[in-house]
Structures are given as C-alpha cells and as structure tokens.
Amino acid sequence: MSRHVAIVTDSTAYLPQGTMERHGITAVPLTVVLGDQALDEGAEISTRSLAEALQKRRPVTTSRPSPEVFAATYRKVAEAGATAVVSLHLSSELSGTYDAAVLAAREAPVPVRVVDTGMVAMALGFCALTAAEVADAGGTADEAVTAAEKRAAATSAYFYVDTLDYLRRGGRIGAAQALLGSALAVKPLLQLEGGRIELLEKVRTSSKAIARLQEIVTERAGASEVDIAVHHLAAPDRAQTFADRLREGVPGLMDLHVSEVGAVIGAHTGPGLLGAVVSPR
C-alpha cells in the first residue's frame with residue numbers, strides 16, 4: 001500500500017508477518033549474540049535454538065540495531081514514496097534501540113518522528129498497529145504518533161517467569177532487585193512500569209502465579225473493548241490454556257493473539273515465560 005507516512009518498528013514488537021505486510025509496517029531486527037555468532041532476530045535464529053542454548057547455559061546476549069541499519073531503512077521507505085516516517089520502538093530503559101533510531105533520524109532524507117513507547121512485545125506491536133491504521137486512513141505523522149502514544153499509555157503488560165536468573169544475568173530486573181539472592185526461588189509476577197521491569201507480586205508456586213496472572217489480566221480488562229496478546233517461550237500448551245481461559249473470562253475481548261516471543265526477549269526471560277498484554281481499543 002502506497003502512503004505518505006511510513007511506520008517503522010523493531011523486531012521485538014512480535015507482530016504477525018501477515019499483519020505487518022497488510023499495513024506496510026517495517027521491523028528493524030535486533031541482534032542476538034549466541035556464542036561467537038551475531039544473528040538477526042526473526043531471520044537468523046529460531047526460538048527453539050535459543051531455548052536450547054539457554055537450557056545448556058550457553059552465553060547469550062543481545063544488542064541494538066546500529067544507526068546505519070536504521071538509516072538504510074529510512075532511506076528505503078523514502079525511496080518507496082514516504083514523505084514522513086514514524087519510528088516506534090521498545091522501551092529505552094531496556095535497550096539502546098531508541099537511541100540508535102534517533103541518531104539515524106538526524107540524517108534521514110525525510111522527517112522521522114522517533115517514539116520511545118516504553119513498551120515491548122505486543123504492547124509495542126499494538127502501538128505500531130494503531131499508528132499504521134492512522135496512516136492507512138491518510139493521517140499525518142503527528143496524528144499517528146499521538147494515536148500510538150495514547151494506546152501505549154492505556155496498555156499494560158504483565159508476565160510470569162519460571163526463574164529470575166535470566167533477567168538477573170542481563171541486568172533487566174530494575175526495582176525487582178529485592179528478589180535477588182535467596183528469594184530467587186520465589187515465583188514472581190512482573191509488569192512493565194515506566195518502561196522498566198518491576199515486581200508486581202511474589203507467589204509461592206507456578207500454578208498459583210499463573211492463576212493470579214489470569215485474575216490480574218481479567219481485572220485490568222474489565223468490561224471494556226480490549227485486545228489481548230499472550231506470549232510464551234517454549235511453553236505453547238501453557239499459553240494456549242491461558243488464552244482459552246481469557247477468551248471465556250474477558251467479556252470485552254476483541255482480538256486475541258497467541259505467539260512465542262522472539263530471541264531477544266527470550267534471552268532475558270528464559271524458557272517458561274508466560275506474558276499477557278492488555279490493550280484497550
């Protein structure tokens with residue numbers, strides 16, 4: 001679809017490929033470093049390979065896209081006819097991706113609005129999708145940014161991890177540092193708050209944690225019209241069961257997405273992740 005405002009995001013949005021193609025959204029890949037190999041998320045490393053590496057305790061790290069990669073993306077969409085770009089990215093508290101995009105935007109051939117959504121995964125994906133819908137309808141870059149920021153402000157993301165060890169290794173725990181040490185055995189429920197990963201509650205067992213996660217998501221959704229995404233890593237049955245319960249328990253549910261996270265988020269959460277994004281329409 002040809003339009004004046006191009007929407008760019010990054011690979012941690014985890015939007016379905018068909019959705020990105022339908023709305024003309026471009027995703028710039030982050031990099032996963034597995035041993036001595038640097039691999040693009042979504043193209044060069046599978047989540048199965050990642051999970052196996054983590055379970056074998058092989059070194060796994062992640063890195064932002066370079067400003068040069070963003071610059072090439074902005075040139076490409078401009079050459080395709082875009083006269084403005086809205087570039088929406090995961091929280092700057094979790095990654096340097098936003099900073100790299102800002103650097104590239106300064107030299108872009110068309111105006112680029114770079115937005116730190118404070119989100120990640122489909123919490124970011126819903127923001128990008130909202131911006132794309134505005135652009136599809138002929139809206140301006142400013143209108144697309146406003147719509148995306150409004151959706152980000154209304155969106156909540158919660159997740160359960162089997163262990164905090166992976167988040168501890170990657171330095172992504174933030175205020176949940178209080179859980180370190182002997183408390184690593186506790187099953188934590190976490191949330192995105194101010195763009196950071198924060199402790200929400202501590203629960204004694206995985207079954208109780210997942211049941212509590214369902215309660216939290218249902219309460220957050222209320223009776224409003226909401227889109228929900230359920231994410232997992234190497235836990236498809238757990239995710240599908242959880243999604244089925246939400247489908248029954250959330251009266252205003254519109255779209256429900258179930259997907260495995262990519263390697264970048266998976267590297268910091270580890271196998272067993274179960275996440276839920278609640279995004280009011």
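These numbers were taken from a predicted model, which means no experiment stands behind them. Computed from heavy atoms alone, side chains included, the values below leave out hydrogens, waters and symmetry copies.
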Backbone N/O of Ala128 and side chain of Thr9: donor-acceptor pair under 3.5 Å
no
In terms of hydrophobic clusters joined by side-chain contacts under 4.5 Å, are Val264 and Val8 together?
no
Applying side-chain hydrogen bond (donor to acceptor under 3.5 Å, both in side chains), run through Ser92 and Asp116 and close with a yes or a no.
CA-CA 6 Å; Ser92 62; Asp116 175 4; 2.5 Å; yes
Quick one, Leu189 and Arg212 - any side-chain contact, counting heavy atoms below 4.5 Å?
yes
Just jot down the side chain to side chain donor-acceptor pair (under 3.5 Å) partners of His231, sequence neighbours excluded, or say none.
Ser259
Using the salt bridge (Lys or Arg N to Asp or Glu O under 4.0 Å) rule, collect all pairs that involve residues 140-160, keeping only residues at least two apart or in two chains.
Arg113-Asp142, Arg151-Asp227
Does any part of the side chain of Glu198, heavy atoms only, come nearer than 4.5 Å to the side chain of Leu190, both counted from C-beta?
no
Are Leu274 and Leu246 connected, step by step, through hydrophobic side chains (Ile, Leu, Val, Met, Phe, Trp, Tyr) whose heavy atoms are closer than 4.5 Å?
yes
So which heavy atom on Ala141 is nearest to which on Ala84, and how close?
CB-CB, 4.1 Å
In the single-linkage hydrophobic clustering (I, L, V, M, F, W, Y; side-chain heavy atoms under 4.5 Å), do Tyr160 and Leu256 co-cluster?
yes
What are the two closest non-hydrogen atoms of Pro251 and Ala223, and how far apart are they?
CG-CA, 4.1 Å
Tightest non-hydrogen contact, residues Val217 and Ala276, listed as CG2-CB, 3.6 Å
State whether the side chain of Ser91 and the backbone N or O of Glu93 hold a donor-acceptor pair below 3.5 Å, judged by distance alone.
yes
With Thr26 as reference, evaluate Val85, Thr73, Ile7 under the side chain to side chain contact (heavy atoms under 4.5 Å, CB included) test and give the passing residue.
Thr73
Minimum-distance pair of heavy atoms, taken over all atoms of Ala267 and Thr62
CB-CG2, 4.0 Å
Do His89 and Val115 have side-chain heavy atoms sitting under 4.5 Å apart?
no
Following the transitive rule for hydrophobic clusters with a side-chain heavy-atom cut-off under 4.5 Å over Ile, Leu, Val, Met, Phe, Trp and Tyr, establish whether Val250 and Val230 coincide in one cluster.
yes
What distance do Asp10 atom CG and Leu124 atom CG have between them, rounded to the nearest 0.5 Å?
5.5 Å
What about the rings of Phe126 and His257, do their centers lie closer together than 6.0 Å?
yes
Pro188 and Val161, any side-chain heavy atoms less than 4.5 Å apart
yes
With sequence neighbours left out, what residues match Arg245 under salt bridge (Lys or Arg N to Asp or Glu O under 4.0 Å)?
none
Just checking, is any N or O donor in the side chain of Ser87 or Tyr98 under 3.5 Å from an acceptor N or O on the other one?
no
Would you mind checking if Lys76 and Glu79 are paired as a salt bridge, meaning a charged N to carboxylate O distance below 4.0 Å?
no
Are a donor atom and an acceptor atom from the side chains of Ser156 and Arg220 found within less than 3.5 Å of each other?
yes
Within a 6.0 Å radius of atom CD on Glu225, are there more than 12 heavy atoms belonging to other residues, nucleotides or ligands?
no
Here the pair of heavy atoms bringing Ala148 nearest to Thr130 is N-CG2, 4.3 Å
When you measure from the side chain of Thr19 to the backbone N and O of Leu15, does any donor-acceptor pair fall under 3.5 Å?
no
Would you sort out whether Phe159 and Leu273 count as a side chain to side chain contact (heavy atoms under 4.5 Å, CB included), showing the intermediate values?
CA-CA 7 Å; Phe159 55 103; Leu273 163 75; 3.9 Å; yes
Verify same cluster id: Val33, Val28 (apolar side-chain graph, 4.5 Å):
no
Where do Asp162 and Arg238 land on the salt bridge (Lys or Arg N to Asp or Glu O under 4.0 Å) test, with the steps shown first?
CA-CA 12 Å; Asp162 278 334; Arg238 174 186 281 178; 3.6 Å; yes
Tell me whether the count of non-hydrogen atoms from other residues, nucleotides or ligands lying under 6.0 Å of CD in Glu215 goes above 12.
yes
Find the distance between CZ (Phe70) and CZ (Arg75) and round it off to the nearest 0.5 Å.
13.5 Å
Ignoring hydrogens, what is the shortest heavy-atom contact between Ser63 and Leu30? Give both atom names and the distance.
O-CB, 3.7 Å
Between His23 and Asp136, is there a side-chain donor-acceptor contact under 3.5 Å, judged purely by atom types and distance?
yes
Taking side chain as C-beta onward, heavy atoms only, is Ile228 less than 4.5 Å from Met254?
no
